[in-house]
Amino acid sequence: MSLDFKPVGGVLASLNLLQIEVDNAVMHIRLNRPDKRNAVNDTMLHQLQTCFVNMPSEIGAAILTGAGAHFCAGLDLSELTERTVAEGVFHSRTWHSAMDTIQAGRVPVISVLHGAVIGGGMEIASATHIRIAEETAYYALPEGQRGIFVGGGGSVRIPRLIGVAAMTEMMLTGAVIDAREGKLLGFTRYVVARDQGFAKACELAISIASNTPLSNFAVLQALPRIADMSTQDGFFVEALMIGIVQGDASAKQRVRDFLEKRSAKVEKSV
Ligand code: 1HE
């Protein structure tokens, strides 16, 4: 498959801060700036956005990881000092746009978190759809200590995962949360042993990529919108969504496959 990425905003010549590999229907995107602990500078942010905007139609799921000992040390603080107030506002909006291409893109994204998952690193992870932590992962929001605030959508997404109270405490105190506590708080779905995150992500990604595209579309696009709606609006959109999804030929085939004993039962994993 050729990965013909078009630059977003004409900024990029290449995606050198990402390492991208494709295995059948799964794309693996690795933040690749380990010497700076994958701190996200403007170039990396644009490259992430470019990658998700140009997701080839053959891809059905993506895995996001970080190179080196850490997932991501957050915003590249070296780019922050010279910004004016207006530039700060617009910079945050650039992050919002990039994170949106991940969360509201076409493919489900699984992040594998290890080592530091700090500030903007938590914001990137919270824009993905499933988070897997390796036991080395730890989380912090040191924005309070740095005299800044979250700017990559974290104030919206992170409280929906761990609650406003936990995020408030993390931001006020700089508390560092380990992988197990992160799971207890609801930030990740899984905690796995060191170096086991990618294998787990592959297992999930292969399964997710085999869902019908319209069903994955409904999960990614309708669920978060319904969560923002009134109860009655939510029921209404849900009814429209199931009507559309179940009307697709691939859905009808899958239901027939089950009824005619050609597809697997629901079984709990051991
Ligand atoms: C960086 C950054 C960075 C590392 N921006 N350069 N994020 C933070 O406040 C986290 C800051 N980073 C750290 O606390 C530590 O670097 C780590 C715990 C992540 C890793 O420690 P360590 O000992 O493995 O590495 P190091 O020696 O601290 O860093 C290696 C290099 O990466 C070093 O550069 P060098 O040129 O001296 O080798 C560091 O300066 C550089 N580096 N992290 C810039 N973040 C959308 S708004 C989001 C707001 C935020 O994300 S605030 C949180 C920012």
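When a ligand or atom number is given, it counts from 1 through the structure's own listing order.
Near Gly74, the atoms of ligand 1 lying under 4.0 angstrom from a non-hydrogen atom of the residue are 51 (O). Less than 4.0 angstrom separates some heavy atom of Asp76 from each of these atoms of ligand 1: 5 (N), 44 (C).
Between Leu18 and Leu31 there is a side-chain heavy-atom pair separated by less than 4.5 Å. In this structure, Ile130 and Ile208 have side chains that are in contact, with non-hydrogen atoms separated by less than 4.5 Å.
The residue Phe71 has no part lying near ligand 1, judged by heavy-atom distances below 4.0 Å. Contact annotation for Asp35 and ligand 1: only backbone heavy atoms (N, CA, C, O) come within less than 4.0 Å of the ligand. Looking at Pro142 against ligand 1, only its side chain comes within 4.0 Å, counting heavy atoms.
The presence of a protein heavy atom under 4.0 Å from atom 19 (C) of ligand 1 is confirmed. Contact annotation for atom 51 (O) of ligand 1: protein present (non-hydrogen atoms, distance under 4.0 Å). In this structure, atom 30 (C) of ligand 1 has a protein heavy-atom contact shorter than 4.0 Å. Within a 4.0 Å radius of atom 33 (C) of ligand 1, the protein contributes no heavy atom. Checking atom 44 (C) of ligand 1 against the protein gives a heavy-atom contact under 4.0 Å.
The shortest N or O to N or O distance between Arg37 and ligand 1 is below 3.5 Å. Geometrically, ligand 1 and Leu77 share a nitrogen or oxygen pair separated by less than 3.5 Å. Considering backbone and side-chain atoms alike, Phe149 places every N or O at 3.5 Å or more from each N or O of ligand 1. In terms of polar-atom proximity, Ser78 is not counted as a contact of ligand 1, lacking any N or O under 3.5 Å from an N or O of the ligand. In terms of polar-atom proximity, Gly120 is counted as a contact of ligand 1, with an N or O under 3.5 Å from an N or O of the ligand. Remark: ligand 1 and Arg146 share an N or O pair separated by less than 3.5 Å (distance only, no angle test).
Side-chain atoms of Arg33 come within 3.5 Å of backbone atoms of Ala39 as a donor-acceptor pair (strictly under, hydrogens ignored). With hydrogens and angles disregarded, a donor-acceptor distance shorter than 3.5 Å links the side chain of Thr94 to the backbone of Phe90.
The heavy atom nearest to atom 8 (C) of ligand 1, considering only Ala73, Cys72, Gly154, is found in Ala73. Considering Ala39, Gly174, Gly151 only, the shortest heavy-atom separation from atom 2 (C) of ligand 1 involves Ala39.
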Donor-acceptor pairs are to be reported for all side-chain atoms of residues 113-129 against protein atoms at under 3.5 Å, with residues two or more places apart or in another chain.
unit_1 : atom_1 : unit_2 : atom_2 : d
His114 : NE2    : Gly68  : O      : 2.7
His114 : NE2    : His70  : N      : 3.4
Glu123 : OE1    : Gly152 : N      : 3.3
Glu123 : OE2    : Gly151 : N      : 3.4
Glu123 : OE2    : Gly152 : N      : 2.6
Glu123 : OE2    : Gly153 : N      : 3.3
Glu123 : OE2    : Gly154 : N      : 2.7
Ser126 : OG     : Met122 : O      : 3.2
Ser126 : OG     : Glu123 : O      : 2.9
Thr128 : OG1    : Ser111 : OG     : 2.8
Thr128 : OG1    : Ala125 : O      : 2.6
His129 : ND1    : Val109 : N      : 2.9
His129 : NE2    : Gln103 : O      : 2.9

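Between Asp100 and Arg157 a salt bridge is recorded (basic side-chain N to carboxylate O distance below 4.0 Å).
Residue Phe187 comes nearest to Ile162 through the heavy atom pair CB-CG2, 3.8 Å, listed as atom of the first residue, atom of the second, then distance. Leu141 and Met167 get closest at one heavy-atom pair: CD1-CG, 3.8 Å.
Expressed to the nearest 0.5 Å, how far CG of Leu45 lies from OG1 of Thr50 amounts to 9.5 Å. A distance of 15.0 Å separates CG of Asn211 from CZ of Phe217, quoted to the nearest 0.5 Å. Here the straight-line distance linking atom NZ of Lys36 with atom CG of Asn38 works out to 12.0 Å at 0.5 Å rounding.
Ranking the protein heavy atoms by distance from atom 49 (C) of ligand 1 puts Glu143 OE2, 3.3 Å first. The protein heavy atom nearest to atom 48 (C) of ligand 1 is Glu123 OE1, 3.3 Å. Protein heavy atom closest to atom 40 (O) of ligand 1, with residue, atom name and distance, is Lys36 NZ, 4.9 Å. Atom 13 (C) of ligand 1 has as its closest protein heavy atom Ile118 CD1, 4.7 Å.
Taking the ring pair (Phe, Tyr, Trp, His ring centres under 6.0 Å) definition, one finds that Phe198 meets it with His28, sequence neighbours left out.
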